[in-house]
Amino acid sequence: MIPAQFDYQAPKTLDEAVALLAQHRDEAKILAGGHSLIPAMKLRLVQPQLLVDVSRIKDLSYIREESDQILIGAMTTHYQIESSSVLRQICPLLPECASHIGDVQVRNKGTIGGSLAHSDPAGDWPAVINALGAELVVVGSVGERAIKANDFFIDLLTTALGPSEILREIRIKKPQGRFGQSYQKVHHPASGFAVVGVAVTLNLGPNGSCESAGVGVTGVGSKAYRATAVEAALTGRPLDEQTIATAASHACDGIDANSDLYASGEYRRHLAQVYARRAIQAAASQVS
Ligand SMILES: Cc1cc2nc3c(=O)[nH]c(=O)nc-3n(C[C@H](O)[C@H](O)[C@H](O)COP(=O)(O)OP(=O)(O)OC[C@H]3O[C@@H](n4cnc5c(N)ncnc54)[C@H](O)[C@@H]3O)c2cc1C
């Protein structure tokens, strides 16, 4: 399949990229790893007149620690996150999630920023970024702003990004104290995407009860979401079997579940509850 004709620009700075997007608005698309955009162009689901390749812009690919935060550049690849020894120490949920994405080729080329900006309802990163309560820093012609993960994903393939905005960085608070994390996923057998994926991060107090919880779910609805009812059912309670089962039963509260040839909405809801329970148990078992 061959995409419709398009122009191509590879700016060297973020300012140049923003100026191109501001000039061409809806006719332009950013090209990152191309693993979602190019297939969509080949199927002619999108037909941008201009591709703005941001891969030559310096300093969009990094993993840094800055006081109590982890900063990840939007062009950081899944593989860079998967193989980061720093992240394995301070926030293992990130490399764990990366290891679940596609195959080696996809992880080598695909970027965290591209995945978040694409807002695929079965993408893995949106669940994790919701669970971690991350902030997404975007830059546009009127300057920079930070958007909370929960407000970033609007709907199927739709985010809070404006037409001339570029996702520049993901900011995550470093987990502190006694914490445990897990990402549990049902892989689609053909694509590898999440039929359902649940990310959990927990903090336990000195008496073993849950001080705080972050839970993100992907694959169930039209966009990934933060499962606040699960978080509320865990917080302040000891993590016994009953508490975990009750909390996990809220994984799809208020969500209209997708149905497709592979999984009905009812099956997805069931999987989400089972995998929420597994993810909470696995996160709790990691607390030192
Ligand atoms: C065979 C295959 C299997 C896959 N399996 C999985 C899987 O199991 N789990 C999973 O989560 N994903 C999977 N993916 C998707 C993969 O993770 C992609 O890397 C990701 O979805 C998009 O990242 P990208 O860098 O390739 O972005 P691109 O395809 O280049 O861009 C995607 C979209 O985001 C926009 N965009 C990109 N970067 C930015 C930015 N910095 N700011 C604003 N907008 C931006 C683009 O304009 C485009 O609309 C798979 C892909 C393939 C081809």
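All values derive from a computational prediction rather than experimental measurement. Just so it is clear, the values below take in all heavy atoms, side chains as well, and ignore hydrogens, waters and symmetry mates. Remember, it's 1-based here, ligands and their atoms both numbered in the order they're listed.
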Exercise. Can you check whether Leu161 has an N/O within less than 3.5 Å of an N/O in ligand 1?
Worked result: no

For this session: Compute the minimum heavy-atom distance from Asp120 to ligand 1 and say whether it is under 4.0 Å.
Result: no

Exercise. Which ligand 1 atoms, with their elements, are less than 4.0 angstrom from a heavy-atom of Asp124?
Worked result: 7 (C), 8 (O), 9 (N), 10 (C), 11 (O)

Seminar exercise, completed: In this structure, OG of Ser84 is separated from OH of Tyr62 (nearest 0.5 Å) by 14.0 Å

Exercise. Of the choices Gly114, Gly102, Gly34, which has the non-hydrogen atom that lies closest to atom 34 (O) of ligand 1?
Worked result: Gly114

Exercise. If you measure only the distance, is there a donor-acceptor pair under 3.5 Å linking the side chains of Ser85 and Gln89?
Worked result: no

Problem set entry | contact_flag His78 ligand 1 heavy-atom lt 4.0 Å | yes

Exercise. Has Lys185 got any heavy atom lying under 4.0 angstrom from an atom of ligand 1?
Worked result: yes

For this session: May I ask whether Val54 places a heavy atom under 4.0 Å from ligand 1?
Result: no

For this session: Using a strict cut-off of 4.0 Å, indicate which atoms of ligand 1 neighbour a heavy atom of Gly123.
Result: 11 (O)

Problem set entry | Minimal non-hydrogen separation, Gly180 against Gln286, with atom names | CA-CB, 4.1 Å

For this session: Would you mind listing which atoms of ligand 1 come within a distance below 4.0 Å of any non-hydrogen atom of Gly33?
Result: 24 (P), 25 (O), 26 (O), 27 (O), 30 (O)

Exercise. Can any side-chain N or O of Arg277 pair as donor or acceptor with the backbone N or O of Ile244 at less than 3.5 Å?
Worked result: no

Seminar exercise, completed: Heavy-atom proximity to atom 23 (O) of ligand 1 ranks first, among Ser115, Ser36, Cys97, for Ser115

Problem set entry | Sidechain-backbone polar pair: Lys185 side chain, His100 backbone, donor-acceptor under 3.5 Å | yes

For this session: Show which atoms of ligand 1 fall inside a sub-4.0 Å distance from at least one heavy-atom site of Gly192.
Result: 7 (C), 8 (O)

Exercise. Which class fits the ring pair Trp125 and His78: parallel under 30°, tilted 30 to 60°, perpendicular over 60°?
Worked result: tilted

Exercise. Judging by distance only, is a nitrogen or oxygen of Leu37 under 3.5 angstrom from one on ligand 1?
Worked result: yes

Exercise. Taking both backbone and side-chain atoms of His35, is any N or O found less than 3.5 Å from an N or O belonging to ligand 1?
Worked result: yes

Problem set entry | Ile166: numbered ligand 1 atoms lying under 4.0 Å from its heavy atoms | 41 (N), 42 (N)

Exercise. Hey, are Arg178 and Glu211 close enough for a salt bridge, meaning a charged N less than 4.0 Å from a carboxylate O?
Worked result: no

Problem set entry | Heteroatom distance test (Lys109, ligand 1): nitrogen or oxygen, under 3.5 angstrom | no

For this session: Drop me the distance from Ile129's CD1 to Phe152's CZ, to the nearest 0.5 angstrom.
Result: 10.0 Å

Problem set entry | Thr13 versus Asp15, side-chain donor and acceptor atoms under 3.5 Å | no

Problem set entry | Ligand-side contact atoms (ligand 1) for residue partner Gly110, heavy atom cut-off under 4.0 Å | 19 (O), 25 (O), 26 (O)

